[in-house]
Amino acid sequence: QVQLVESGGGLVQAGGSLRLSCAASGRTFSYYAMGWFRQAPGKEREFVAAISWSGGRSTSYADSVKGRFTISRDNAKSTMYLQMNSLKPEDTAVYYCAADGDDIFGGPITQYSKYDYWGQGTQVTVSS
């Protein structure tokens with residue numbers, strides 16, 4: 001059974017940092033692209049960051065987080081990370097990790113519909 005489990009969310013003041021983790025199990029995710037999305041109350045789920053399969057080392061970021069967030073993955077731990085610095089109140093949302101299950105050795109994926117597996121989400125709240 002495929003599982004993605006996020007952790008690391010919480011409450012932080014504006015300007016602070018958090019690191020989200022996404023632990024993957026059930027298949028060899030190192031061969032597939034993964035990404036982070038977020039959804040704020042009353043808004044649609046939006047792309048945050050994506051990373052290629054483990055050998056590609058390519059990344060993609062939403063303009064709103066470029067220069068502040070960093071996506072990475074540790075294949076030995078089957079875990080993906082999102083380091084979030086200089087957080088702003090508008091970053092407040094539920095953050096979801098996602099994994100592709102179709103295109104082996106794929107590059108970063110920014111489209112929501114192309115991901116096959118999703119975690120349950122972790123809340124990030126940034127106070128002003």
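Just so it is clear, the structure is predicted and the values come from calculations on it, not from any experiment.
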Could you state the interatomic distance from [atom1] ([X]) to [atom2] ([Y]), rounded to the nearest 0.5 Å?
X	Y	atom1	atom2	answer
F69	M84	CZ	CE	5.0 Å
S128	Q13	OG	CD	9.5 Å
S52	D103	OG	CG	12.5 Å

List the residues meeting side chain to side chain donor-acceptor pair (under 3.5 Å) with [X], not counting sequence neighbours, and say none if there are none.
X	answer
K66	D63
E90	none
Y95	R38

Could you check if a side-chain atom of [X] sits within less than 4.5 angstrom of a side-chain atom of [Y], using non-hydrogen atoms only?
X	Y	result
L18	L87	yes
T70	L82	no
L20	E6	no
Y96	Q39	yes
V94	T122	no
I51	P108	no

Inset, instruction - Could you tell me which residues satisfy ring-ring contact (aromatic ring centres under 6.0 Å, His included) with F105, sequence neighbours excluded, listed by chain and number? - result: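 Per chain and number, F105 pairs via ring-ring contact (aromatic ring centres under 6.0 Å, His included) with Y31, W53.
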Legend entry - For Y61, ring-ring contact (aromatic ring centres under 6.0 Å, His included) partners two or more places apart: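 Y61 satisfies ring-ring contact (aromatic ring centres under 6.0 Å, His included) with no residue once adjacent residues are dropped.
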Legend entry - Pairing residues for R68 by the salt bridge (charged side-chain N to carboxylate O under 4.0 Å, His left out) criterion, not counting sequence neighbours: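 So R68 forms a salt bridge (charged side-chain N to carboxylate O under 4.0 Å, His left out) with D91.
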Tell me the closest heavy-atom pair linking [X] and [Y], and the distance in Å.
X	Y	result
A99	F29	CB-CE2, 3.2 Å
M80	C97	CE-CB, 3.6 Å
W36	I71	CD1-CD1, 3.6 Å
V126	T92	N-OG1, 2.9 Å
A50	Y115	CB-OH, 3.7 Å
F47	I109	CE1-O, 3.8 Å

Legend entry - Cation over ring face, R73 and Y81, 6.0 Å, 45°: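 Here R73 fails the 6.0 Å and 45° test against Y81.
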Inset, instruction - Please indicate whether E44 has more than 12 foreign heavy atoms, meaning atoms of other residues, nucleotides or ligands, lying under 6.0 Å from its CD. - result: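 No, the 6.0 Å shell around CD holds no more than 12 heavy atoms from other groups.
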Inset, instruction - Quick one: sort the W118 and Y112 rings into parallel, tilted or perpendicular, breaks at 30° and 60°. - result: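 Correct class here is tilted.
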Legend entry - Any donor-acceptor N or O pair under 3.5 Å, side chains N85, S17: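 Their side chains do contain a donor-acceptor pair, which is all the 3.5 Å distance test asks for.
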Inset, instruction - Verify, without hydrogens or angle tests, whether S54 (side chain) and S30 (backbone) share a donor-acceptor contact under 3.5 angstrom. - result: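 Confirmed, S54 side chain pairs with S30 backbone.
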Inset, instruction - Could you check R27, Q3, M34 and say which one makes a side-chain contact (heavy atoms from CB on, under 4.5 Å) with Y117? - result: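 The side-chain contact (heavy atoms from CB on, under 4.5 Å) with Y117 is passed solely by R27 among R27, Q3, M34.
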